[in-house]
Amino acid sequence: MTRIVAISGSLRKHSFNTALVNSAAKMFPDNVRVGTIAGIPPFNEDLEDSEGIPDVVARLKNEIAQADGLLISTPEYNNGVPGVLKNAIDWATRPFRDVPKVFHGKPVAVIGASPGGFGTTLAQTALLPVLRTLKTDPWFAGRLMVSHAGEKIEEGVLQDEETRERLEKFVGGFIEYCGG
């Protein structure tokens with residue numbers, strides 16, 4: 001069975017992007033598991049040297065390494081990737097010798113939701129150099145950017161049927177791409 005770990009790049013309680021990954025997990029309960037970046041401290045090599053990899057990072061790395069694919073739902077902050085998401089990715093590359101087993105060849109799909117009219121075009125694009133550097137296998141067969149998310153997602157729950165259908169088609173295609 002194909003296993004996808006889905007993470008949201010937002011820590012907000014009623015995050016639009018967390019709503020997307022939670023909806024994907026409900027649509028595909030046998031395939032999609034929601035991971036979290038909550039509790040990951042700011043990356044600091046001194047912390048890594050003195051205390052090692054934080055447990056929350058080790059769990060996330062293990063989930064990604066064991067999964068057949070990684071689904072990232074990113075908000076767009078100031079035309080880019082949220083710092084907490086980039087921070088989680090940076091931690092997941094530590095120690096550097098772990099990068100091949102965690103990321104190399106890993107199918108990755110990126111989606112996102114934003115209250116603005118352009119979805120998360122710039123944030124998704126900004127992730128591409130990072131994914132290329134980590135030698136992942138970005139899935140480009142589909143694209144999902146949810147604009148005006150405040151009209152489609154209420155209190156952390158996806159309400160809009162058209163968006164739900166688009167998400168189901170996207171995630172289903174990604175699962176198939178990953179071997180399912």
Side-chain angles (χ1 to χ4, degrees), residues 1-13 15-41 43 53-75 81-113 120 123-124 126-128 130-146 153 156-158 164 166-180:
M1 178 178 328
T2 302
R3 295 166 303 166
I4 306 296
V5 63
I7 60 172
S8 168
S10 175
L11 301 175
R12 188 169 62 88
K13 181 179 179 182
S15 160
F16 301 140
N17 290 281
T18 302
L20 289 181
V21 297
N22 287 339
S23 294
K26 287 179 185 172
M27 291 173 184
F28 299 96
D30 293 335
N31 302 101
V32 179
R33 185 197 175 288
V34 177
T36 184
I37 64 171
I40 296 178
F43 178 73
I53 302 299
D55 289 343
V56 65
V57 173
R59 281 191 300 274
L60 180 62
K61 284 176 55 176
N62 186 54
E63 289 174 350
I64 295 169
Q66 297 298 317
D68 298 305
L70 172 61
L71 175 65
I72 299 172
S73 187
T74 183
V81 177
V84 294
L85 177 57
K86 180 63 167 71
N87 180 65
I89 293 169
D90 290 345
W91 262 115
T93 66
R94 304 303 295 181
F96 189 70
R97 69 178 176 270
D98 288 353
V99 171
K101 75 176 183 181
V102 177
F103 291 107
H104 284 190
K106 180 74 60 187
V108 178
V110 182
I111 62 176
T120 57
Q124 289 188 35
L127 270 176
L128 294 179
V130 175
L131 298 175
R132 182 175 36 254
T133 298
L134 298 176
K135 298 182 182 173
T136 66
D137 178 17
W139 184 62
F140 294 119
R143 197 144 194 211
L144 183 66
M145 293 168 284
V146 179
I153 300 168
V157 178
L158 178 58
R164 186 184 318 278
R166 289 175 50 219
L167 178 64
E168 186 171 19
K169 181 178 178 183
F170 182 95
V171 175
F174 183 57
I175 290 169
E176 187 175 313
Y177 179 77
C178 293

Student: I want to check something: taking the side chain as every heavy atom from C-beta on, are L70 and P107 in contact at a cut-off of under 4.5 Å?
Tutor: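 No - every pair of side-chain heavy atoms lies 4.5 Å or more apart.
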
Student: Could you check whether the rings of F170 and W139 sit parallel, tilted or perpendicular, using 30° and 60° as the cut-offs?
Tutor: perpendicular

Student: Using modelled atom types and a 3.5 Å cut-off, is there a donor and acceptor pairing between side-chain atoms of N31 and backbone atoms of T2?
Tutor: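 Yes, the answer is positive, given that a donor and an acceptor are paired below the 3.5 Å cut-off.
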
Student: Would a distance-only check, ignoring hydrogens and angles, find a side-chain to backbone donor-acceptor pair under 3.5 Å from R166 to M145?
Tutor: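 Side chain of R166 to backbone of M145: a pair is present.
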
Student: Would you give the length of the straight line joining atom CD1 of I37 to atom OG of S10, rounded to the nearest 0.5 angstrom?
Tutor: 7.5 Å

Student: Please examine the side chains of I7 and V21, heavy atoms only from C-beta on, and report whether any two atoms are closer than 4.5 Å.
Tutor: no

Student: Donor-acceptor pair, N87 side chain versus P41 backbone, under 3.5 Å?
Tutor: yes

Student: Test of understanding: with ring pair (Phe, Tyr, Trp, His ring centres under 6.0 Å), list the residues that count as partners of F43, not counting sequence neighbours.
Tutor: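 Applying ring pair (Phe, Tyr, Trp, His ring centres under 6.0 Å) to F43 gives W91.
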
Student: When rounded to the nearest 0.5 angstrom, what distance separates CE in M1 from CG in D68?
Tutor: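 Rounded to the nearest 0.5 Å, the CE-CG separation comes out at 10.5 Å.
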
Student: Do Y177 and D137 have side chains that approach each other closer than 4.5 Å (heavy atoms only, starting at C-beta)?
Tutor: yes

Student: Run the side chain to side chain contact (heavy atoms under 4.5 Å, CB included) test on V108 and I72 for me, step by step, so that the C-alpha distance in whole Å, both residues' side-chain angles and the decisive distance to 0.1 Å come before the verdict.
Tutor: CA-CA 7 Å; V108 178; I72 299 172; 4.0 Å; yes

Student: Identify whether the distance between the nearest side-chain nitrogen and carboxylate oxygen of R94 and D98 falls below 4.0 Å.
Tutor: no

Student: Got Q124 and R143 here, is their nearest side-chain heavy-atom distance under 4.5 Å?
Tutor: yes

Student: Among residues two or more places apart or on two chains, list those pairs meeting salt bridge (Lys or Arg N to Asp or Glu O under 4.0 Å) that have a residue in residues 22-41.
Tutor: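 Those involving residues 22-41 are R33-E63.
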
Student: Keeping K106 on the side-chain end and K135 on the backbone end, is there a donor-acceptor pair under 3.5 Å?
Tutor: no

Student: Can you list the steps and then say if T18 with S73 is a side chain to side chain contact (heavy atoms under 4.5 Å, CB included)?
Tutor: CA-CA 7 Å; T18 302; S73 187; over 6 Å; no

Student: Run M27 and V171 through side chain to side chain contact (heavy atoms under 4.5 Å, CB included) and show every step you take.
Tutor: CA-CA 9 Å; M27 291 173 184; V171 175; 5.9 Å; no

Student: CD1 of I53 to CG of L60: how many Å apart, nearest 0.5 Å?
Tutor: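 Here the rounded value is 11.5 Å.
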
Student: Evaluate V84 against I40 for side chain to side chain contact (heavy atoms under 4.5 Å, CB included), listing each step before the verdict.
Tutor: CA-CA 8 Å; V84 294; I40 296 178; over 6 Å; no

Student: If I take atom CG from residue L20 and atom CG from residue L144, how far apart are they, to the nearest 0.5 angstrom?
Tutor: 6.5 Å

Student: So do V130 and K86 actually touch side chain to side chain, heavy atoms under 4.5 Å?
Tutor: yes

Student: Any heavy-atom pair between the side chains of L167 and I111 that's under 4.5 Å?
Tutor: yes

Student: Check F174 against L71 and note the closest heavy-atom contact, atom names and distance.
Tutor: CE2-N, 4.3 Å

Student: Using modelled atom types only, decide if a donor and an acceptor are shared between the side chain of S15 and the backbone of L11 within a distance under 3.5 Å.
Tutor: no

Student: Looking only at the side chains, is there a donor atom on one of S8 and N17 sitting less than 3.5 Å from an acceptor on the other?
Tutor: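 The answer is no; no qualifying pair exists.
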
Student: Indicate yes or no: at least one non-hydrogen side-chain atom of T120 is less than 4.5 angstrom from one of V110.
Tutor: no

Student: With a 4.5 Å limit on heavy-atom distance, are the side chains of F16 and V146 in contact?
Tutor: no

